[in-house]
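None of the values given here were measured: they were computed from a predicted structure. Each residue takes its place number in the sequence, starting with 1.
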Amino acid sequence: RSTLLFLCIFFAPIFWYIVSLSMIAGVQWYGYREMQHGKTTQIIAVTNVTSYWVGQARGTLRMLSLPLRLFRFESIVRSQERILSIVTDVVASERSATTLVRESREMAPLILSRNEPSTNSVSPLVVVDRTRLALDDLTNRLGLADAEIRVLSSEDGFLFTLPASKRVIDRLQKELTRGLSAARVMQQLVTLYRVTAGFDKKKTYLLALQNSNELRPTGGFIGSVAL
């Protein structure tokens, strides 16, 4: 009976840690599918549920870390801590992405409308700056997650040498790299828009419309101009 009790005490944290990781994977997969279809209404709920299970996993890992380190399995503890850190950065990225979507929806009517903004509406400059800050935060979080998963994929732990694990890690790394590249492009566009849209001072631009069928040194015959 004492042996059974010892086994239950020893294996219960391991079982709960596996349950926690499974819940994290399932919830994040659901959130990923939702974002692929352009649905962001459930992302906050996804991040809250994921954060809860990350907390469960961290607490369980703290219980397991001492015996694992005593038996010289410190590399396992380190890799699991890195996985939870990656998930934390991904969750923060999802929250930043949700904020970015909200700010973008508010910014689009302001910068595309021909009408003067009303006195009660938010200044376009404020919305652009808020969008830029959300993009900065998103870029930083994605960059951290991308750097950590590169370190994780370079480690020689048994779990990460399995073909299934390597496929998951490679796919996650590709998705993070793609998201990071898109965020950096948007970051540059928002920064450029703030400079060129006349927020600091009035600016006038000359638009020259050229006809490429009538070659000229500048590229074509300038048939129309606009200010």
Side-chain angles (χ1 to χ4, degrees), residues 17-58 60-61 75-105 107-108 131-193:
Y17 184 75
I18 294 173
V19 169
S20 300
L21 289 185
S22 301
M23 292 299 297
I24 290 170
V27 172
Q28 281 298 303
W29 176 251
Y30 170 76
Y32 173 73
R33 298 294 296 175
E34 288 290 293
M35 293 189 74
Q36 271 193 325
H37 292 90
K39 300 175 183 178
T40 58
T41 54
Q42 299 296 323
I43 299 304
I44 292 298
V46 167
T47 58
N48 290 337
V49 174
T50 305
S51 296
Y52 169 78
W53 285 107
V54 168
Q56 294 292 310
R58 284 191 191 280
T60 309
L61 185 61
S75 60
I76 295 178
V77 176
R78 220 172 27 245
S79 63
Q80 296 306 306
E81 288 174 343
R82 198 178 302 282
I83 288 173
L84 295 179
S85 179
I86 292 171
V87 174
T88 301
D89 289 330
V90 170
V91 168
S93 301
E94 290 169 341
R95 286 176 175 159
S96 298
T98 305
T99 303
L100 179 62
V101 170
R102 185 178 65 247
E103 297 295 348
S104 299
R105 286 174 178 169
M107 181 178 69
T131 304
R132 180 179 56 80
L133 291 174
L135 269 170
D136 289 344
D137 187 55
L138 176 61
T139 304
N140 291 336
R141 294 293 184 176
L142 286 175
L144 283 173
D146 184 61
E148 285 183 313
I149 201 168
R150 288 179 187 278
V151 174
L152 186 65
S153 62
S154 66
E155 292 179 347
D156 296 328
F158 169 73
L159 179 63
F160 309 117
T161 59
L162 297 176
S165 300
K166 286 186 69 67
R167 283 197 299 269
V168 171
I169 291 174
D170 289 343
R171 181 171 181 178
L172 180 57
Q173 189 172 348
K174 287 179 182 177
E175 292 295 333
L176 285 173
T177 303
R178 188 173 67 175
L180 184 59
S181 299
R184 283 172 175 164
V185 170
M186 289 189 289
Q187 194 176 30
Q188 293 172 355
L189 290 175
V190 171
T191 303
L192 181 63
Y193 177 77

Rounded distance (nearest 0.5 Å) linking atom OH of Tyr52 with atom CD of Gln56: 4.0 Å
Looking only at heavy atoms, which two atoms of Leu61 and Glu81 are closest? And how far apart? CD2-CG, 3.6 Å
Return the CG to CD distance between Leu135 and Gln188, rounded to the nearest 0.5 Å. 11.0 Å
Does Asn140 use its side chain to pair, donor to acceptor, with the backbone of Asp136 at less than 3.5 Å? yes
Correct closest heavy-atom pair for Thr99 and Ala134 would be CG2-CB, 4.2 Å
Least distance between heavy atoms, Ser93 atom then Leu138 atom: O-CD1, 3.3 Å
How many angstroms lie between CG in Leu192 and CD in Gln187, if you round to the nearest 0.5 Å? 12.5 Å
Restricting to side-chain hydrogen bond (donor to acceptor under 3.5 Å, both in side chains), what partner residues turn up for Thr88, sequence neighbours left out? Arg58
Any side-chain donor paired with an acceptor under 3.5 Å for Glu148 and Ser85? yes
When you check the side-chain N and O atoms of Gln80 and Tyr17, is any donor under 3.5 Å from an acceptor? yes
When you check the gap from the basic side-chain N to the acidic O, do Arg178 and Glu175 get nearer than 4.0 Å? yes
Would you indicate whether the side-chain heavy atoms of Asp137 and Leu133 approach each other to under 4.5 Å? no
Nearest non-hydrogen partners of Ile24 and Val87, listed with the distance: CG2-CG1, 3.8 Å
For a side chain to side chain contact (heavy atoms under 4.5 Å, CB included) check, start with the C-alpha distance between Val46 and Glu34, then their side-chain angles and the critical distance, and finish with the verdict. CA-CA 10 Å; Val46 167; Glu34 288 290 293; 5.9 Å; no
Rounded to the nearest 0.5 Å, the CD atom of Gln42 sits from the CG atom of Asn48 at a distance of 11.0 Å
Between CZ on residue Arg132 and CG on residue Leu189, distance to nearest 0.5 Å: 14.0 Å
Taking side chain as C-beta onward, heavy atoms only, is Thr47 less than 4.5 Å from Val27? no
Can you name the nearest heavy-atom pair linking Thr139 to Leu180, along with the distance? O-CD1, 3.5 Å
Applying side chain to side chain contact (heavy atoms under 4.5 Å, CB included), run through Val91 and Arg141 and close with a yes or a no. CA-CA 9 Å; Val91 168; Arg141 294 293 184 176; over 6 Å; no
Which heavy atom of Leu142 sits nearest a heavy atom of Ala183, and at what distance? CD1-CB, 4.4 Å
In Å and rounded to the nearest 0.5 Å, what is the CD1 to CD1 distance from Ile149 to Ile83? 9.0 Å
